[in-house]
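Below is one structure, written out as structure tokens, with a few remarks after it.
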Amino acid sequence: MTRDLTITEVRLTPILVADPPLLNTQGVHQPYTPRLIVEVVTADGTTGLGETYGDTKYLELARPFAQRLTGHRVSDLNGLFTIADELAVDRSRVSGQVDVGGLRGVQTADKLRLSVVSAFEVACLDALGKALGLPVHALLGGKVRDAVEYSAYLFYKWAAHPEGVACEQDDWGAAVDPAGIVAQARRFKERYGFTSFKLKGGVFPPDEEIAAVRALAQAFPGHPLRLDPNGAWSVQTSLKVAKELGDVLEYLEDPALGTPAMAEVAAGTDVPLATNMCVTTFAEIPEAFTRGAVQVVLSDHHYWGGLRNTQRLAAICHTFGVGVSMHSNTHLGISLAAMTHVAATVPGLHHACDSHYPWQTEDVLTERPAFDGGFVVVSDAPGLGVRLDRDRLAALHRRWLDDDGALRERDDEAAMRVADPEWVTPVVPRW
């Protein structure tokens with residue numbers, strides 16, 4: 001029987017999801033973070049799911065995009081980019097500076113479009129897989145591994161959001177020194193079985209973060225370790241840290257801001273440099289690769305434009321002998337499932353992928369994807385292999401509707417000012 005895969009309806013549901021007080025060089029996570037859930041419905045009643053950033057600038061692009069999808073076939077994935085190219089971007093929404101929310105480098109109109117396309121592409125693949133009875137990884141060419149390894153994502157963290165701020169409680173406690181980071185890592189290993197650890201740095205002076213990584217190396221000998229200060233350091237400081245930790249780091253992620261600075265650091269150390277800030281589009285690849293600025297690219301299907309572009313990126317990295325893994329934002333289970341499917345299809349994925357997901361206590365799925373021994377098993381069920389919990393989706397959407405607008409834009413600097421009214425994002429390099 002021929003199935004009608006024409007899109008007849010698109011549902012966009014912005015939500016606010018609880019987020020712990022995790023620190024970074026820009027500030028601290030807000031008590032709730034915005035996400036956007038995308039549903040595409042075909043004429044035969046098949047529904048596909050996608051997820052992306054939920055800030056207003058993404059929602060304002062997603063709405064006209066959704067309107068143009070009516071009559072589009074879910075199998076026409078290339079056509080999604082044609083639609084995106086036709087969408088005008090409000091230039092006031094594009095900062096041209098470091099993106100505070102995603103800590104992903106310079107914001108551009110093209111990056112904004114791709115972040116929106118990614119959710120619709122995943123939703124179309126989910127619907128197509130369900131209609132054909134095939135998992136998404138099969139639509140991407142087939143899996144080369146049955147489970148995908150993830151890394152524990154460690155953060156300096158307050159015990160709670162500032163007093164008086166409406167929030168959900170978490171049971172992780174504070175981590176503001178080496179002992180706290182080690183305790184957090186132990187809990188990650190006990191709960192999820194992670195065997196590699198990434199620390200979000202750029203929060204405290206470099207010597208304190210060096211001490212934290214050293215403490216991790218002592219507590220977990222032989223385990224891969226990473227440190228990511230989000231470009232907060234000068235070239236000189238980056239080289240100092242690389243020298244101090246060269247014997248224990250798997251890689252150093254974005255120690256300095258921008259390709260020229262990264263190239264200078266790379267020329268002065270044998271420690272591999274990873275990035276999700278200076279290489280976030282295909283146009284940024286030539287300079288970074290020819291200058292030897294990065295040795296590992298951390299892909300993110302949200303801002304590379306989807307799962308197929310992630311595969312394309314991996315192929316280019318392989319051609320140039322550059323490693324590839326995955327970056328993570330504050331995502332839910334739909335995105336984790338999408339990450340797992342595409343990661344399962346990428347040969348030569350030699351580094352465990354990042355994931356914020358263990359920090360997220362709320363989701364819109366009937367069943368949370370599980371980590372076992374640090375791995376997520378690749379689903380062979382049709383589509384992504386996840387199901388939407390409409391009651392949970394409605395509850396998180398009500399939270400978004402009830403918000404006065406203050407939390408609909410992720411802003412780590414604004415969240416920090418609640419605790420410290422004098423706080424301003426530090427000038428980079430911070431050290």
Side-chain angles (χ1 to χ4, degrees), residues 24-25 103 149-156 175 177-182 184-185 188-189 194-279 288-298 317 320-327 348-354 374 428-431:
N24 57 49
T25 196
L103 294 166
E149 185 179 9
Y150 287 87
S151 177
Y153 206 151
L154 310 179
F155 280 84
Y156 289 106
D177 55 23
I181 292 297
V182 169
Q184 188 183 102
F188 264 110
K189 186 169 184 177
F194 294 120
T195 59
S196 64
F197 303 94
K198 169 179 168 175
L199 174 61
K200 177 66 74 177
V203 177
F204 296 111
D207 284 344
E208 295 183 35
E209 298 184 352
I210 289 171
V213 174
R214 279 288 171 200
L216 287 169
Q218 184 175 2
F220 305 98
H223 288 49
L225 304 177
R226 309 151 181 189
L227 177 58
D228 171 22
N230 280 122
W233 301 338
S234 67
V235 169
Q236 183 179 5
T237 298
S238 301
L239 289 171
K240 174 183 181 292
V241 175
K243 183 177 180 180
E244 294 262 1
L245 296 176
D247 60 325
V248 296
L249 284 181
E250 178 185 12
Y251 57 67
L252 185 57
E253 180 180 340
D254 287 308
L257 189 63
T259 293
M262 288 282 284
E264 194 173 346
V265 176
T269 181
D270 292 329
V271 175
L273 301 187
T275 188
N276 76 278
M277 293 181 71
C278 67
V279 179
F289 285 13
T290 56
R291 296 186 66 169
V294 298
Q295 290 70 55
V296 181
V297 172
L298 303 178
C317 288
F320 284 88
V322 173
V324 66
S325 187
M326 285 192 181
H327 161 260
L349 191 71
H350 300 307
H351 306 278
C353 301
D354 293 341
V428 178
R430 189 172 179 182
W431 288 284

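All residue numbers in this chain count up from 1 along the given sequence. Only a predicted model underlies this, so the values are computations on that prediction, with no experimental measurement involved.
With 3.5 Å as the limit, one finds a donor-acceptor pair spanning the side chains of Thr275 and Asp254.
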Handout entry: Step-by-step side-chain hydrogen bond (donor to acceptor under 3.5 Å, both in side chains) determination, Ser238 to Glu264
Key = CA-CA 10 Å; Ser238 301; Glu264 194 173 346; over 6 Å; no
| task | Start with the C-alpha gap between Val296 and Leu273, add the side-chain angles, then the distance that decides, and say whether side-chain contact (heavy atoms from CB on, under 4.5 Å) holds. | result | CA-CA 6 Å; Val296 181; Leu273 301 187; over 6 Å; no
Candidate pair Thr195 and His223, rule side-chain contact (heavy atoms from CB on, under 4.5 Å), full reasoning: CA-CA 6 Å; Thr195 59; His223 288 49; 4.1 Å; yes
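By the 6.0 Å contact criterion, CG on Asp270 is open, its count of non-hydrogen atoms from other residues, nucleotides or ligands being 12 or less.
Taking the side-chain hydrogen bond (donor to acceptor under 3.5 Å, both in side chains) definition, one finds that Asp177 meets it with nothing, sequence neighbours left out. Tyr150 pairs by the side-chain hydrogen bond (donor to acceptor under 3.5 Å, both in side chains) definition with Thr340, not counting sequence neighbours. When the side-chain hydrogen bond (donor to acceptor under 3.5 Å, both in side chains) test is applied to Glu253, the partners found at least two apart in sequence or on another chain are Lys198.
Ring to ring, Phe197 and Phe188 are not that close: their centroids are 6.0 angstrom or more apart.
Ring geometry for Tyr251 versus His351: interplanar angle over 60°, hence perpendicular rather than tilted (30 to 60°).
For the pair Ile181 and Phe155, the tightest heavy-atom approach, listed with the atom from each and the gap, is CD1-O, 3.6 Å.
Under a 4.0 Å N-O distance rule, the pair Lys240/Asp207 qualifies as a salt bridge.
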